[in-house]
Visitor: 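Take a look at this one; I'll ask things after.
In what follows, every heavy atom counts, from backbone to side chain, and hydrogens, waters and symmetry copies are set aside.
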Amino acid sequence: MAEENELRYDPATIEPKWQQRWAADPTMYAAEPVTCGKPKYYVLEMLPYPSGQLHMGHVRNYSIGDALARHMWMRGYNVLHPMGWDAFGLPAENAALKNNTPPREWTLSNITAMKRQMERLGLGYDWATEVTTCLPEYYRWNQWFFLRMYEKGLVYRKKSKVNWCPECATVLANEQVVDGCCWRHETTLVEQRDLVQWFFRITAYAQELLDGLDKLDGWPEKVRTMQRNWIGRSEGTEVDFFLAEQGAGDKEQRSDRTRIRVFTTRVDTIFGATSVQLAPQHALVAAFTAADAKLKTQVDELIEQQKKAREAGDLGAIEKHGVATGHFAVNPYNGQRVPIWVANYILADYGTGAIMSVPAHDERDFEFATKYGLEIRRVIQPVEQGEGSESLPFLSEDGVLVNSGEYDGLSCEEAQKRLQQVAASGGFGEAKVIFRLKDWGVSRQRYWGTPIPMIHCEKDGLVQVPDEQLPVLLPPQIEITQQGGSPLGRVPEFVNTTCPKCGGPARRETDTMDTFVDSSWYFYRYTDAKNSSAPYDPAKAQYWFPIDQYIGGVEHAILHLIYSRFWTKVMRDLGLIMNDEPARRLFTQGMVIKDGSKMSKSKGNVISPDDMIASYGADATRMYALFAAPPDRDLDWQEDGVAGVSRFLGRVWRLATKYAPLARTGRGQSIKAPKGLSLKLLRKLHQTIAKITQDFEGRWHFNTCVAAIMELVNDMQAADAQLAAGDVPAPVMLELLRSLVLLLAPFAPYLAAELWEELGEEGSVLHAAWPKSDPELAKEDELEIPVQINGKLVTVICVAADASSKEIEALALGEEKVQLRATGKTVVKVIVVPGKLVNLVVR
RNA sequence: GCGAAAGUGGCGGAAUUGGCAGACGCACCAGACUUAGGAUCUGGCGGAGCAAUCCAUGGGGGUUCGAGUCCCCCCUUUCGCACCA
């Protein structure tokens with residue numbers, strides 16, 4: 001029995017042994033000083049929220065990052081591979097409510113548990129640079145940045161309609177509203193409330209955020225497209241229509257008139273404007289309805305329709321309704337009076353919340369005008385009359401103006417320029433670029449977040465907390481309740497303070513910051529995590545940045561990844577870094593699914609990493625996560641597959657332990673002109689090295705890397721009888737096993753460490769040099785190449801690797817099967833692709 | 001509706017530049033060893049056929065000596081955007 005156990009791969013023994021040894025050396029995964037002279041490599045996985053449990057998505061994410069980090073270590077790079085915790089946020093407060101545990105305790109104990117899981121997985125992080133965002137030593141720098149940004153005019157406060165999630169009892173950023181619902185509560189409709197809020201002026205960087213995307217060629221096109229859409233740049237013109245008051249005629253002074261500013265991308269069609277459409281929430285509508293109860297009812301109906309559509313998550317499909325206000329507006333270009341309508345398809349928060357309606361040249365306006373019988377006036381004629389060019393709406397900008405007074409005959413493009421100039425000189429409009437991107441609302445009426453470091457003084461107004469008073473600490477003892485308003489507002493010791501300017505009594509700001517502030521710059525902190533006098537040393541950040549490879553889920557394509565790009569640009573403008581972008585390359589891994597759908601508690605299809613590790617070990621679990629699918633695709637978790645990888649690791653273990661004694665005796669001897677089995681296996685080895693090395697450099701198809709290692713092991717195992725008979729000399733065996741272990745090291749670090757020791761190697765496999773493929777050895781001397789007739793496979797011939805086309809052709813034509821098929825026919829053409837195939841065209 | 005990605009055995013997937021379709025693994029079948037192991041080893045495993053062969057990469061067309069790969073049309077799935085004026 002005991003003897004049998006020895007012949008068995010037992011990760012439950014091997015892995016904890018190494019885990020203990022590694023834990024005893026905390027510098028094992030530490031980066032070297034910036035002066036070390038090695039090229040640097042910063043590999044980063046997105047930091048997790050400390051929910052208390054790693055899920056398979058984490059395991060996959062970190063297995064990819066860890067394999068890359070280990071590979072780069074072995075390639076001789078100075079590697080920074082850190083980990084931290086995105087530790088502020090609502091779940092801690094919910095847990096506090098449920099279990100009566102303070103958020104801080106709950107969060108910190110979750111961190112301990114998850115860190116243990118990570119260590120059990122054997123992930124190579126330098127814990128000396130660990131960042132925990134809920135600790136004062138971190139969040140004080142959120143406050144510090146807030147103040148610097150305030151000083152630069154990048155932080156401001158305004159009363160505005162905000163997205164309010166009744167479930168979270170707090171405000172949400174635009175980015176956190178998904179289909180009109182809360183991103184955390186997918187069925188909870190977000191309400192609009194009027195609140196005074198703090199904002200970051202991300203729109204100041206809108207153009208740069210957009211332009212930067214073109215240079216981020218190491219990012220997935222998908223993510224760049226999503227960000228482009230989100231930023232939503234649009235070039236056009238703002239034009240003032242004037243309210244034509246009843247009876248006022250044209251006598252009134254232009255300056256006294258009420259302006260209705262509209263935004264349009266097609267000012268060239270303005271002579272075709274037959275109405276002005278206002279969003280139901282437009283300020284002018286409020287003025288109209290105040291004097292018109294019937295209109296008010298109708299407008300309220302429109303607002304209700306919009307709300308319902310939002311609820312259905314389908315604002316785009318809303319049926320267009322509108323109501324005429326009875327008021328009129330004057331087109332500034334031709335003085336024409338057009339009716340003012342209110343319509344449910346006009347968005348209050350885009351552009352000016354008002355449009356000119358040109359039914360002849362806009363699909364939506366056409367639909368609306370048709371429905372309500374509004375005039376449709378063509379003002380653009382196609383350059384070339386073609387089929388369909390006469391039908392309306394005519395949307396192309398490839399045309400010339402008609403029915404447009406002095407502008408007739410101009411091309412659309414020319415007309416746009418001219419009309420913009422006219423508007424500007426006439427003082428009733430201007431060329432304008434607008435963005436869909438809105439400023440980032442960061443106020444949250446929650447407890448578990450970074451306190452905003454501002455003070456309200458009756459005498460001095462808004463006053464910054466002086467730097468030397470940072471951090472503004474979260475009060476430790478607080479009763480978490482579900483009632484609305486800022487929880488900090490209920491803690492008098494927190495709220496009541498003195499004004500730093502006048503020394504008089506004052507009140508602290510009680511809002512906390514959105515947790516996306518925390519994750520916008522955490523990766524800079526890793527470079528200098530213990531710094532207590534600055535967020536980080538700019539020299540260290542400059543050495544490490546940009547991040548060479550960032551790895552995470554595509555769900556952060558907008559929120560986190562746009563905020564951190566913004567933050568990087570702000571820090572650059574504060575002189576704290578030199579780079580424009582945080583990460584050179586971004587990799588978005590696919591989801592881990594089970595039976596075709598996302599793992600979730602409600603579906604009961606959640607696979608626990610702990611269970612997998614307990615059954616098959618960390619190596620098998622990690623390796624399966626890399627083997628089951630290419631990393632950018634979704635991965636269907638199949639436990640039988642993990643068992644298969646575990647069996648494979650067992651084969652490796654048995655093979656290596658069986659031949660390690662022989663291999664050890666080969667140390668120091670050189671391999672001379674290998675032949676026969678030695679040559680065959682060495683050739684396979686060097687092909688495998690080349691394949692895997694290449695994959696790490698570009699494609700990242702780790703599934704085929706693992707498959708390649710399996711092929712190598714299968715070849716060795718198939719030769720077991722010959723190996724046992726001593727057909728392969730000791731130095732060759734050493735080369736084979738040593739390289740096998742090195743290739744395995746990024747994917748199965750525990751087994752690699754164990755076998756490295758078994759082979760009698762000194763030092764850690766982590767810093768052993770990655771094997772180099774010898775192209776001479778990898779080259780086949782004989783090739784099997786297919787012979788086709790008219791593209792159909794007929795036979796396979798064996799030729800020398802350096803055979804000429806003529807030789808190959810002769811060989812192919814001499815084949816019995818070929819002759820049989822070719823009799824009575826003419827060989828029209830012979831195609832020989834050296835090293836690939838022969839194709840005979842016969843007729 | 002617009003845009004992107006994808007569609008290959010019973011399953012996950014491979015085929016990096018147009019060149020032997022199905023590597024590697026799972027599941028399954030047969031056998032060996034032993035006999036109760038989630039063990040190991042050997043062999044088989046897209047379909048039809050005794051076979052030679054033929055048919056097969058969502059469907060249809062095309063380019064080519066040759067197409068899973070390139071082009072056109074269509075279908076399905078997933079994701080993103082969706083009255084953005």
Visitor: Using atom CG of A/Leu395 as one end and atom P of B/C2 as the other, report the distance to the nearest whole Å.
Guide: 13 Å
Visitor: Can you tell whether the side chains of A/Glu375 and A/Arg377 come within less than 4.0 Å, N to carboxylate O?
Guide: yes
Visitor: Phosphate oxygens OP1/OP2 of B/C41: is one of them under 4.0 Å from a side-chain N or O of A/Arg654?
Guide: yes
Visitor: State the pairing partner of B/G1; accept Watson-Crick or G-U wobble contacts with both distances under 3.5 Å, and report none otherwise.
Guide: B/C81
Visitor: Work out how far the C1' atom of B/C11 is from that of B/C81, and round it to whole angstrom.
Guide: 34 Å
Visitor: Please measure how far the P atom in B/G61 lies from the corresponding atom in B/A14, and state the result in whole Å.
Guide: 29 Å
Visitor: Any strand is fair game: report the nucleotide pairing with B/G49 by Watson-Crick or G-U wobble, both distances under 3.5 Å, or none.
Guide: none
Visitor: Please give, in whole Å, the distance from B/U40 P to A/Trp653 CH2?
Guide: 13 Å
Visitor: Parallel, tilted or perpendicular: which fits the ring planes of A/Phe271 and A/Tyr333, with parallel below 30° and perpendicular above 60°?
Guide: tilted
Visitor: Under 4.0 Å between a Lys/Arg side-chain N and an Asp/Glu carboxylate O for A/Arg224 and A/Glu221?
Guide: yes
Visitor: Grab the two heavy atoms, one from A/Leu743 and one from A/Leu685, that are nearest each other, plus how far apart they are.
Guide: CD1-CD1, 4.3 Å
Visitor: Please state the P separation for the pair B/U57 and B/U8 - nearest whole angstrom.
Guide: 12 Å
Visitor: Which is true for A/Gln717 with a 4.0 Å heavy-atom rule: it touches a base, it touches only sugar-phosphate, or it touches nothing?
Guide: sugar-phosphate
Visitor: OP1 or OP2 of B/A85 sitting under 4.0 Å from any side-chain N/O of A/Ser234?
Guide: yes
Visitor: Just compare B/G80, B/C55, B/C81 and give me whichever is closest to any side-chain atom of A/Arg436.
Guide: B/C81
Visitor: If we call it a pair only when both distances are under 3.5 Å in a Watson-Crick or G-U wobble match, what pairs with B/G12?
Guide: B/C24
Visitor: How far apart are the closest heavy atoms of A/Leu302 and A/Val323, and which atoms are they?
Guide: CD1-CG1, 3.7 Å
Visitor: Could you work out the separation of B/C33 and B/U42 based on their C1' atoms and round it to a whole Å?
Guide: 11 Å
Visitor: Could you tell me whether A/Asp634 contacts a base, only the sugar-phosphate backbone, or nothing, with contacts defined as non-hydrogen atoms closer than 4.0 Å?
Guide: sugar-phosphate
Visitor: With a 4.5 Å limit on heavy-atom distance, are the side chains of A/Gln277 and A/Tyr345 in contact?
Guide: yes
Visitor: Calculate the interatomic distance between A/Glu221 atom CD and B/A5 atom P; express it in whole Å.
Guide: 9 Å
Visitor: If the sugar-phosphate is the primed atoms plus P, OP1 and OP2 and the base is the rest, what is the B/S/- string for nucleotides 14-29 of chain B, using protein heavy atoms under 4.0 Å?
Guide: SSB--BB--BBSSS--
Visitor: Determine which nucleotide pairs with B/G31, using a 3.5 Å limit on both distances of a Watson-Crick or G-U wobble pair.
Guide: B/C41
Visitor: Taking B/G13 as the reference, what is the distance to B/U34 when you measure between their C1' atoms (whole Å, please)?
Guide: 35 Å
Visitor: Identify the nucleotide, in any strand shown, that forms a Watson-Crick or G-U wobble pair with B/G7, with both distances under 3.5 Å; if there is none, say none.
Guide: B/C75
Visitor: Using both distances under 3.5 Å as the test, list the Watson-Crick or G-U wobble partner of B/G68, or none.
Guide: none
Visitor: Atom CD of A/Gln416 to atom C1' of B/A85: distance rounded to whole Å?
Guide: 13 Å
Visitor: Which value, in whole Å, describes the distance between the C1' atoms of nucleotides B/A67 and B/A51?
Guide: 30 Å
Visitor: For A/Lys684, enumerate each residue passing the salt bridge (Lys or Arg N to Asp or Glu O under 4.0 Å) test, keeping only those at least two apart in sequence or located in another chain.
Guide: A/Glu711
Visitor: For nucleotides 43-53 of chain B, just jot down a letter per nucleotide in 5' to 3' order: B, S or -, based on protein non-hydrogen atoms under 4.0 Å.
Guide: ----------S
Visitor: Can you tell me the base-pairing partner of B/G18? Count Watson-Crick or G-U wobble geometry only, both distances below 3.5 Å, and say none if there is no partner.
Guide: none
Visitor: Inspect the surroundings of CD in A/Glu413 and state if more than 12 heavy atoms from other residues, nucleotides or ligands are less than 6.0 Å away.
Guide: no
Visitor: For A/Asp362 and B/A85, what is the distance between atoms CG and C1' respectively, to the nearest whole Å?
Guide: 6 Å
Visitor: If we take the C1' atom in both B/G31 and B/A48, what is their distance in whole Å?
Guide: 27 Å
Visitor: Quickly work out the A/Arg60 CZ to B/G12 C1' distance and round it to whole Å.
Guide: 12 Å
Visitor: Checking side chain to side chain contact (heavy atoms under 4.5 Å, CB included) between A/Arg266 and each of A/Leu395, A/Val379, A/Ile380, which is the one that passes?
Guide: A/Ile380
Visitor: By the 4.0 Å heavy-atom rule, please label A/Ile434 as base, sugar-phosphate, or nothing.
Guide: nothing
Visitor: Mind running side-chain hydrogen bond (donor to acceptor under 3.5 Å, both in side chains) on A/Gln207 and A/Arg233 for me, showing each step along the way?
Guide: CA-CA 8 Å; A/Gln207 187 65 52; A/Arg233 183 180 195 274; 2.7 Å; yes
Visitor: Determine the Euclidean distance between corresponding C1' atoms of B/G22 and B/G44; express it in Å to zero decimal places.
Guide: 16 Å
Visitor: Do the side chains of A/Arg228 and A/Asp214 get close enough for a salt bridge, i.e. N-O under 4.0 angstrom?
Guide: yes
